[in-house]
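First comes the structure, then the notes that go with it.
Chain letters run A, B, ... following the sequence lines, proteins first and then strands; every chain starts at 1.
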Amino acid sequence: MAFRADFPSVYSLYKKLLRSYGPQGWWPIIKRGRIFYHPKNYECPRNEKERFQIIIGALLAQNTSWKNAEKALLSLHCAGLLSFSKLRNASEKEIARLIRSSGYYNQKARRIKNFLEFYPALRRIASPEKMRESLLSLNGIGPETADSILLYAFKQPFFVVDAYTRRFCAAHGICHCDDYEQCRSFFERNLPRDFRIYNEYHALIVQWGKEQNGIRSKRK
DNA sequence: GCCCAGGAGCATA
DNA sequence: TATGCTCATGGG
């Protein structure tokens, strides 16, 4: 284990972030038409409906701010389409119209429809690794989206690497993460194998990244 | 008006 | 293997 010696530093960075930002309550869930965060509660999703929301949210959040993705998710919810059966019966055109605020709406609507076609078969896969392979084989699902789904919707310990994670690594000099899998494996080898920690750590890195954005825009 | 935001797929070299 | 282009809205 080449990086074993770094265990305290990666984990202590996590604890430091947690102390300064507090639990993030990620991934948020829609209830009664409102978005709810649930700090310190890692039980979500509690049911298939909440799980489904998280998956669609992960697809909508691709290359856009969470705020825009959230608007799109709420608009699907308000149209009564935020469930597998309702969305399965909706047309691609209708979905595209509703998710407009998340950007790339035609592409995302196509990807959602494609995903829904394979979802029942995907649910039958017992092994998390096999499920990851299947997710990655679907059009429009790359490593970050696959790991977000596995971690936040299925509570499986897969560390999510995104643009903020890469910046976080560079800023703290903790690893060279040009390659997605290398970076993921670095975090996974240097943290206790607990989906709650992966969940919170990623959310905290995002919070850190947003704060950095604020600092950068103030400098301009 | 410009730039960037929590990606992914495809073509091309 | 890696680099560039495309998809597109919304907010600062």
Under the ring-ring contact (aromatic ring centres under 6.0 Å, His included) test, residues paired with [X] that sit two or more places apart:
| X | result |
| --- | --- |
| Phe158(A) | none |
| Phe195(A) | none |
| Phe36(A) | none |

| field | Which residues share a salt bridge (Lys or Arg N to Asp or Glu O under 4.0 Å) with Arg111(A), sequence neighbours left out | value |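 Testing Arg111(A) for salt bridge (Lys or Arg N to Asp or Glu O under 4.0 Å), a comparison that skips the adjacent residues, returns none.
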| Partners passing salt bridge (Lys or Arg N to Asp or Glu O under 4.0 Å) against Arg132(A) (at least two apart in sequence or in another chain) |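 Arg132(A) satisfies salt bridge (Lys or Arg N to Asp or Glu O under 4.0 Å) with Asp147(A), Glu181(A) only.
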Please report the distance, rounded to the nearest Å, between [atom1] in [X] and [atom2] in [N].
| X | N | atom1 | atom2 | value |
| --- | --- | --- | --- | --- |
| Glu144(A) | dA5(B) | CD | C1' | 12 Å |
| Arg110(A) | dC7(C) | CZ | C1' | 9 Å |
| Asn114(A) | dA8(B) | CG | C1' | 13 Å |
| Gln212(A) | dA5(B) | CD | C1' | 15 Å |
| Leu135(A) | dA8(B) | CG | P | 11 Å |
| Asp179(A) | dT1(C) | CG | P | 11 Å |
| Gln107(A) | dA8(C) | CD | C1' | 9 Å |

| Does Arg167(A) have a side-chain nitrogen or oxygen under 4.0 Å from the phosphate oxygens OP1 or OP2 of dA5(B)? |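 Looking at the OP1 and OP2 atoms of dA5(B), one of them is under 4.0 Å from a side-chain N or O of Arg167(A).
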| Within the structure, does a side-chain N or O atom of Asn63(A) lie under 4.0 Å from either OP1 or OP2 of dA8(C)? |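 For Asn63(A), the contact criterion (side-chain N or O under 4.0 Å from OP1 or OP2 of dA8(C)) is not met.
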| message | Please check: side-chain N/O of Lys108(A) versus main-chain N/O of Ser102(A), any donor-acceptor pairing under 3.5 Å? | response |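 Answer holds: yes.
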For residues 71-87 of chain A, please give each side-chain donor-acceptor pair under 3.5 Å, one per line with the distance, not counting sequence neighbours.
residue  : atom : partner  : partner atom : Å
Ser75(A) : OG   : Leu98(A) : O            : 2.5
His77(A) : NE2  : Gly33(A) : N            : 3.3
Ser83(A) : OG   : Lys86(A) : N            : 3.4

| request: For Thr145(A), report the nucleic acid contact type (base, sugar-phosphate, nothing); a contact means any heavy atom under 4.0 Å. | output: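 If one applies the 4.0 Å heavy-atom cut-off, Thr145(A) turns out to touch the sugar-phosphate alone, with no base involved.
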Give me, pair by pair, the N or O atoms of the protein and of nucleotides 9-11 of chain C that are less than 3.5 Å apart, along with how far apart they are.
residue : atom : partner   : partner atom : Å
dT9(C)  : OP1  : Arg100(A) : NH2          : 3.4
dG10(C) : O4'  : Asn68(A)  : ND2          : 3.2
dG11(C) : OP1  : Lys71(A)  : NZ           : 2.6

| Does the side chain of Phe186(A) reach to within under 4.5 Å of the side chain of Asp179(A), using non-hydrogen atoms? |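 No - every pair of side-chain heavy atoms lies 4.5 Å or more apart.
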| 4.5 Å side-chain heavy-atom contact, Tyr11(A) and Pro192(A) |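 Contact flag for Tyr11(A)/Pro192(A) side chains = yes.
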| query | Any ion pair linking Glu70(A) and Lys67(A) (charged N to carboxylate O, less than 4.0 Å)? | reply |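 No, no charged N to carboxylate O under 4.0 Å.
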Distance-only criterion, 3.5 Å: show the donor-acceptor pairs between side-chain atoms of residues 134-143 of chain A and protein atoms not counting sequence neighbours.
residue   : atom : partner   : partner atom : Å
Ser134(A) : OG   : Lys130(A) : O            : 3.2
Ser137(A) : OG   : Ser134(A) : O            : 2.6

| request: Using the six-membered ring wherever Trp is involved, compare the ring planes of His172(A) and Phe168(A) and label them parallel, tilted or perpendicular (cut-offs 30° and 60°). | output: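 His172(A) and Phe168(A): tilted rings.
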| field | Same apolar cluster: Tyr104(A) and Ile95(A), side chain cutoff 4.5 Å | value |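 Different clusters: Tyr104(A) never reaches Ile95(A) through Ile, Leu, Val, Met, Phe, Trp or Tyr contacts under 4.5 Å.
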| said: Does anything in residues 16-30 of chain A come within less than 4.0 Å of DNA chain B? Heavy atoms only, and list the residues if so. | reply: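 Correct list: Trp26(A), Trp27(A).
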| message | Expected output is a numbered-order residue list: members of residues 198-207 of chain A with a heavy atom under 4.0 Å from any atom of DNA chain B. What is it? | response |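 Only His202(A), Val206(A) qualify.
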Name every donor-acceptor pair, under 3.5 Å, that has one atom in a side chain of residues 200-209 of chain A and the other anywhere in the protein, sequence neighbours excluded.
residue   : atom : partner   : partner atom : Å
Glu200(A) : OE1  : Tyr42(A)  : OH           : 2.4
Glu200(A) : OE2  : Gln24(A)  : N            : 2.8
Tyr201(A) : OH   : Val10(A)  : O            : 2.8
His202(A) : ND1  : Tyr152(A) : OH           : 3.2
His202(A) : NE2  : Asp162(A) : OD2          : 2.7

Using nucleotides 9-13 of chain B, report all nitrogen or oxygen pairs with the protein that are shorter than 3.5 Å.
residue : atom : partner   : partner atom : Å
dG9(B)  : OP1  : Leu138(A) : O            : 3.4
dG9(B)  : OP1  : Gly140(A) : N            : 2.9
dG9(B)  : OP1  : Ile141(A) : N            : 3.4

